[in-house]
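As structure tokens, the structure follows; a few thoughts come after it.
Only a predicted model underlies this, so the values are computations on that prediction, with no experimental measurement involved. All residue numbers refer to positions in the sequence shown, counting from 1.
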Amino acid sequence: MTLNAVPILIAVLCIYAIAYRYYSAFIAAKVLALDDSRVTPAHQFNDGSNYTPTNKYVLWGHHFAAISGPGPLIGPVLAAQFGYLPGLIWLVIGVVLGGAVHDFIVLAASMRSGGKSLAEIARREIDRVTGTVATVAILIILIVALAGVGLAVINALAESPWGLFTIAMTIPIALLMGMYMFRWRGGTDRAIKEGTIIGVILLVLAVVFGEVVQNSSFGHYFKYDKTAITFMVAGYGFVASVLPVWLLLAPRDYLSSYMKLGSIAFLAIGIFAVMPTFKMPATTAFIHGGGPIIPGKVFPFVFITIACGAISGFHALISSGTTPKLIDKETHARPIGYGAMLCESIVGVMALIAASSMFPHDYFQINVPVEAFAKIDANLRAMGFDQSNLEALTRAVGEERLAGRTGGAVSLAVGMAQIFSAIPGMSHLMSYWYHFAIMFEALFILTTVDAGTRVARFMMQEILGGVHKKFAQPDWLPGAIIASVLAVVPWTYMILKGSIATIWPLFGMANQMLACVALCVCTTFLINNGKVRYAWVTILPLSFIAVIEMTAGYQNITLNYWPKQMYLNTGITACLMVGLVIVIIGSARKWYRVAIKGEPHQPAMMATATN
């Protein structure tokens, strides 16, 4: 029996609307007691570069674009191996009770700590030893995360002049928007509206002319292999990390958010218009393990495969990185923290629907290497996955081949293009929709690279500030340059030496471990500020994710990394597991001292800044 995707999508949207209306309001009013009379770091430390009050909608766009990396796109697609149901359940329950809560409270904690990073908040809220361990763990996780997201965008843009041209054009368009809105027109509401219209029009033109460039005599100037694009992405991450946030990062992410939200809205319209059915079954035989894409069982691997969309530790770095330094009023934290995460989860649900609406045989043929697929083809057909349309799809999208294009990005683009082209009057535009989807994915991912690298730069400067005080000043240019280089080089090296098979499982596990660290800090923040009765809000998701991550870490080492002699991955995983245990124990001791023994504490909520 086939299931139509429309009722599922309606149910998910209703659940998210109810969660935002009631649960996020409860957290804002009771748990955090948001108060617009408090002066935010953007006003307290306004320097016109790193700290600057930003329009709520522009900041929402920047934040959404920064957190919406490959996780909600790639993760659900890869997890479709288990069937559509396990990933769908995790996306919905995980985001309402875990991910959106995590993002919201981390943002509030950083906002009330002067815009400090998660590592610095851990030192202040828990203790110095736990904070130091958390700092090292967070930095390692951040590097691994940037390698994972960077690899995804590189796979999408490699050998694609159309995609590379369009993505490259977003940089000068964003620079033009930044200058127009904030320097030439003074940052007024009208200037932002005008700049938005200009940016969107230019971005659409960049997409359209991408095909012209690809088929032109100079198209080869935009065709590069993975190594060359790796260095390009690294260079972009460095530049975006150093330049003032209003000049490139905020306007580009704001522009990207329009493309992202517009694409998702159009995909939703397409789903309602086409009413696709799930061709992938609710569950497959691979829930018991042995899958060709993800080798482990559905528990715990579906939880770490969907690295974002349900809960993501990487978001804690954005919520304690660029966003708290730009937020204008405390109450803006609710739509930006909780609301943006719900929107990202919608992206994950859409991606899962697009991938699951393909014939399973085509899905596996795209996401499994050609040699490996030949070995499992007979088994897939025995499971009932015998219908295929891949040859026709390959011709329709204008690619030389789709088979063996692993990593999830290509299969998602094909699934989206199938839905778009099924809309009446759109069937002849399959190649445009496919390349549009590739560009859409690259935009999604690249915004995480630039924001994540900037967060890594801030962390590096905080650490180096202990050696030389000037490094701790975000506006000190030499320090910004040195810290940015130190942030970019490690993840670039990992991309050059790794692959989606070696980096993505490590990224997924590390990402959720970071969420555990952040939830420990959030729980301590609440307890330290007299909110013991509401600590269950963060302890509940923390307990579940901690069990998942320790199980996944053990299985990754014993079943995947060590038998394949992947000693670097083994070492990183083991170190992160030990670090997580230390952070949890240190946090629990702090909770006991404050909540049970009643020892005095210095809450981060303390310093109400004055003008």
Side-chain angles (χ1 to χ4, degrees), residues 70-71 74-83 86-87 90 137 140-141 143-152 155 283-308 310-314 364 367-373 375-376 379-380 404 406-409 490-491 493-516 545-581:
I74 307 302
V77 173
L78 300 180
Q81 166 194 276
F82 300 116
W90 172 231
I140 294 173
I141 291 168
I143 297 302
V144 172
L146 286 170
V149 299
L151 183 62
N155 284 342
T283 59
T284 70
F286 298 128
I287 61 173
H288 304 296
I293 301 172
I294 305 163
K297 298 180 180 180
V298 67
F299 182 90
F301 283 93
V302 72
F303 300 101
I304 65 171
T305 300
I306 301 180
C308 304
I311 185 169
S312 170
F314 182 82
F364 284 105
N367 285 293
V368 177
V370 175
E371 299 80 7
F373 181 81
K375 299 176 182 178
I376 65 168
N379 184 38
L380 291 174
T406 61
W491 62 257
Y493 175 81
M494 288 190 68
I495 291 174
L496 292 172
K497 298 297 182 180
S499 67
I500 197 74
T502 59
I503 293 178
W504 191 265
L506 183 61
F507 160 59
M509 190 205 67
N511 186 49
Q512 308 299 49
M513 280 191 173
L514 179 53
C516 289
I545 296 297
V547 172
I548 291 294
E549 294 315 300
M550 296 308 290
T551 304
Y554 173 78
Q555 291 189 13
N556 261 334
I557 290 175
T558 57
L559 303 178
N560 190 14
Y561 299 149
W562 189 261
K564 297 178 182 178
Q565 299 182 336
M566 298 167 65
Y567 300 127
L568 176 60
N569 286 23
T570 300
I572 291 175
T573 302
C575 289
L576 292 179
M577 291 174 68
V578 172
L580 178 58
V581 170

Rounded to the nearest 0.5 Å, how far does [atom2] of [Y] lie from [atom1] of [X]?
{"X": "C516", "Y": "I548", "atom1": "SG", "atom2": "CD1", "value": "9.5 Å"}
{"X": "I572", "Y": "M566", "atom1": "CD1", "atom2": "CE", "value": "10.0 Å"}
{"X": "N569", "Y": "L506", "atom1": "CG", "atom2": "CG", "value": "5.0 Å"}
{"X": "M509", "Y": "T305", "atom1": "CE", "atom2": "OG1", "value": "12.5 Å"}
{"X": "I294", "Y": "N367", "atom1": "CD1", "atom2": "CG", "value": "9.5 Å"}
{"X": "M494", "Y": "I143", "atom1": "CE", "atom2": "CD1", "value": "9.0 Å"}

Query raised in the report: Counting distance only, does the side-chain N/O of T573 pair as donor-acceptor with the main-chain N or O of G553 below 3.5 Å?
Result: no
*Look at the side chain of N511 and the backbone N and O of S312, then say whether any donor-acceptor pair between them is shorter than 3.5 Å.*
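No, N511 side chain to S312 backbone: no donor-acceptor pair under 3.5 Å.
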Is the closest side-chain heavy-atom distance between [X] and [Y] below 4.5 Å?
{"X": "I557", "Y": "M577", "value": "yes"}
{"X": "M550", "Y": "V581", "value": "yes"}
{"X": "F314", "Y": "V144", "value": "no"}
{"X": "I304", "Y": "N556", "value": "yes"}
{"X": "Y567", "Y": "Y561", "value": "no"}

Residues passing the ring pair (Phe, Tyr, Trp, His ring centres under 6.0 Å) test with F82, sequence neighbours excluded, are none
- Could you tell me which residues satisfy ring pair (Phe, Tyr, Trp, His ring centres under 6.0 Å) with F507, sequence neighbours excluded, listed by chain and number?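 F507: ring pair (Phe, Tyr, Trp, His ring centres under 6.0 Å) contacts with W504.
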With a cut-off of 3.5 Å and sequence neighbours excluded, list every side-chain donor-acceptor pair involving residues 296-303.
none

Closest approach of [X] and [Y], non-hydrogen atoms and distance?
{"X": "F286", "Y": "P292", "value": "CZ-CD, 3.7 Å"}
{"X": "E549", "Y": "G508", "value": "OE1-O, 4.4 Å"}
{"X": "C308", "Y": "I306", "value": "O-CG2, 3.0 Å"}

message = Could you walk me through whether F373 and L380 satisfy the side chain to side chain contact (heavy atoms under 4.5 Å, CB included) test, starting with their C-alpha distance in whole Å, then the side-chain angles of each, then the deciding distance to 0.1 Å, before giving a yes or no?
response = CA-CA 9 Å; F373 181 81; L380 291 174; 3.5 Å; yes
